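Since this is a predicted model, take the numbers as computed values, not measurements.
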Amino acid sequence: VAVISDLNGSYGSTHYETSVDAAIDRILAVRPDLVISTGDMVAGQRRPHLTRPEVERMWEVFHEHVSERLAGAGIPLAVTPGNHDGSAYDSFRLERTIYAEQWAGRRPNVQFLDESGYPFRYAFVAGDVLFIALDATTVGHLPAEQMDWVRAVLERHGRAYRRRVVFSHLPLWPFAHGREREDIGDPALQALLEEANVDLYLSGHHHAFYPGSKGGVAMVSQSCLGAGPRRLLGATQRSPKGFTLVDFAQNPLRIGAYRAPDFETPIDWNALPQRVRSTSAELLRADLAGTAIAIRRRDAAAEPPAGRQ
């Protein structure tokens with residue numbers, strides 16, 4: 001599974017940086033079974049507000065660069081909204097409406113378990129992995145109704161699959177400088193993930209790659225592919241642009257991130273902080289945490305996994 005995130009440029013932009021096209025080129029060469037986007041695919045949330053034609057034009061360009069290329073290769077794309085493309089804040093209701101319209105006819109070819117909230121929150125299966133997409137575009141705890149839904153999905157389906165993955169735009173805990181307060185920050189959600197033996201939580205928004213772990217749950221923050229790479233908490237340099245690959249067929253599962261400009265070179269985990277600390281949480285680097293996570297050391301252009309041969 002390839003994971004992409006935060007592809008947008010400046011507010012209202014219909015321009016995508018060369019890193020976006022180069023990353024999709026490499027993903028097409030790798031041919032994963034699935035691509036996940038953890039949000040911010042277009043550059044909304046501008047004030048004064050963008051008009052409907054302006055927002056629709058941004059989506060048209062995004063689909064040209066990303067969605068249509070993946071669809072042409074037969075690779076499903078599962079998305080979750082970000083604050084720049086599907087914000088739940090009331091003043092951006094139009095952008096959220098257009099987000100729903102854009103994805104209504106672009107459902108990924110996966111086995112849905114609950115699609116009632118698609119494309120905001122939904123659950124599906126790929127292979128023997130359960131995936132749960134959360135609607136997390138606003139700072140703070142998930143609404144009680146969404147927490148109840150997540151709990152119900154995990155109770156109903158979690159034990160039936162070998163792996164359990166949750167993904168959203170905002171992370172559960174902070175990763176990056178300047179975004180220390182831009183998270184979900186809910187110990188109850190952390191406890192639920194632990195109780196349900198969730199293996200992996202994927203998030204965007206913080207524009208920095210980090211494979212962390214807390215309470216036995218691997219929490220992977222994605223690099224951005226668009227504008228604005230950030231520094232991890234405890235780091236001195238900005239995270240490189242990149243995308244993540246997860247090999248679920250391996251035991252332990254293997255995670256690697258591949259950096260611009262060619263996306264063939266893996267990000268060196270040893271160059272990352274051993275811990276990411278904030279006032280709300282401490283995340284230990286996953287390879288040091290004793291979890292069932294290993295570093296994916298293969299080149300991103302290596303042979304495709306068995307499922308795609």
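- Looking at E101 and R52, a side-chain N of the basic residue comes within less than 4.0 Å of a carboxylate O on the acidic one, giving a salt bridge.
- A 4.5 Å side-chain heavy-atom check between V79 and W103 finds at least one atom pair inside the cut-off.
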Item to check | Evaluation steps, side-chain contact (heavy atoms from CB on, under 4.5 Å), between V110 and V125 | outcome: CA-CA 7 Å; V110 295; V125 176; over 6 Å; no

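- E282 and W173 are not linked by any side-chain donor-acceptor pair at a separation below 3.5 angstrom, with hydrogens and angles left out of the test.
- For Y99 (side chain) and L94 (main-chain N/O), no donor-acceptor pair under 3.5 Å exists by modelled atom type.
- P32 approaches I27 most closely through the heavy-atom pair CD-O, 3.2 Å.
- For R181, the CZ atom sits in a loose shell: 12 or fewer heavy atoms of surrounding residues, nucleotides or ligands are nearer than 6.0 Å.
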Next on the checklist: Between I132 and F124, does the side-chain contact (heavy atoms from CB on, under 4.5 Å) criterion hold? Intermediate values first, please.
Outcome noted: CA-CA 7 Å; I132 301 174; F124 66 92; over 6 Å; no

Checklist entry - Between N8 and S13, is a side-chain contact (heavy atoms from CB on, under 4.5 Å) present by the stated rule, with each step listed? => result CA-CA 8 Å; N8 60 297; S13 175; over 6 Å; no

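- Atom CZ in R31 sits 14.0 Å away from atom CZ in R26 (nearest 0.5 Å).
- In terms of modelled atom types and a separation under 3.5 Å, the side chain of R254 and the main chain of R296 share no donor-acceptor contact.
- Side-chain contact between L172 and L193: present, with at least one pair of heavy atoms (C-beta onward) separated by less than 4.5 Å.
- Relative ring orientation between F209 and W269 is described as tilted, the plane-to-plane angle lying within the 30° to 60° band.
- A perpendicular orientation is assigned to the rings of H49 and F92, their planes being inclined by more than 60° (bins at 30° and 60°).
- Put simply, the side chain of H65 never gets that close to the backbone of H15: no donor and acceptor are under 3.5 Å apart.
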Checklist entry - When you look at S278 and E180, which way does the side-chain hydrogen bond (donor to acceptor under 3.5 Å, both in side chains) test go after all the steps? => result CA-CA 7 Å; S278 65; E180 292 89 341; over 6 Å; no

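- Distance alone, capped at 3.5 Å, is enough to place a donor-acceptor pair between the Q222 side chain and the V220 backbone.
- Paired with H206 under the rule side-chain contact (heavy atoms from CB on, under 4.5 Å), one option of E182, H177, R230, H169 passes, and it is E182.
- A 4.5 Å side-chain heavy-atom check between H205 and R179 finds at least one atom pair inside the cut-off.
- Nearest heavy-atom pair across G226 and P229 is O-CD, 4.4 Å.
- Side chain of Y161 to backbone of A126: no donor-acceptor contact under 3.5 angstrom is found.
- Rounding to the nearest 0.5 Å places OG1 of T38 at 8.0 Å from CD1 of I4.
- Remark: side-chain polar atoms of R69 are not paired, donor with acceptor, to backbone N or O of I24 under 3.5 angstrom.
- Scanning both residues, A43 and L50, for their nearest heavy atoms gives O-CD1, 3.9 Å.
- Counting heavy atoms of neighbouring residues, nucleotides and ligands inside a 6.0 Å radius, atom CG of D21 exceeds 12 of them.
- No donor-acceptor contact under 3.5 angstrom links the side chains of R121 and T80, judged on distance only.
- Side-chain contact between L77 and S67 is present, with heavy atoms from C-beta onward closer than 4.5 Å.
- Aromatic pair F167/Y201: ring centres not closer than 6.0 Å.
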Checklist entry - side-chain contact (heavy atoms from CB on, under 4.5 Å) between L202 and V166: does it pass, once the steps are laid out? => result CA-CA 6 Å; L202 302 165; V166 176; over 6 Å; no

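- A salt bridge does not link R164 with D128: every distance from a Lys NZ or Arg NE/NH1/NH2 to an Asp or Glu carboxylate oxygen is 4.0 Å or more.
- Here the side chains of L170 and L134 are not in contact, with every heavy-atom distance at 4.5 Å or above.
- With R46 contributing its side chain and P48 its backbone, the two residues share a donor-acceptor pair below 3.5 Å.
- Formation of a donor-acceptor pair under 3.5 Å by the H84 side chain with backbone atoms of G44 is found in this model.
- In this structure, D33 CG and F248 CZ are separated by 10.5 Å, a value rounded to the nearest 0.5 Å.
- One finds a salt bridge joining E60 and R57 here, because a Lys/Arg side-chain nitrogen approaches an Asp/Glu carboxylate oxygen to under 4.0 Å.
- K241 places no side-chain N or O within 3.5 Å of a backbone atom of S223 that could act as its donor or acceptor partner.
- By the neighbour-count criterion of 12 heavy atoms within 6.0 Å, atom CZ of R93 is sparsely surrounded, having that number or fewer from other residues, nucleotides or ligands.
- No more than 12 heavy atoms of other residues, nucleotides or ligands lie within 6.0 Å of OH in Y11, so this atom counts as exposed by the packing criterion.
- Side-chain atoms of Q102 do not come within 3.5 Å of backbone N or O of W59 as any donor-acceptor pair.
- Contact record, L283 with P174: CD1-O, 4.2 Å, taken as the closest heavy-atom pair.
- A heavy-atom distance below 4.5 Å is found between the side chains of M219 and F175.
- Listed by chain and number, the residues in a side-chain hydrogen bond (donor to acceptor under 3.5 Å, both in side chains) with W149 are D114 (sequence neighbours excluded).
- Of all heavy-atom pairs between P240 and R259, the closest is CB-NH2, 3.6 Å.
- In terms of heavy atoms, D85 sits closest to D40 at OD2-N, 2.9 Å.
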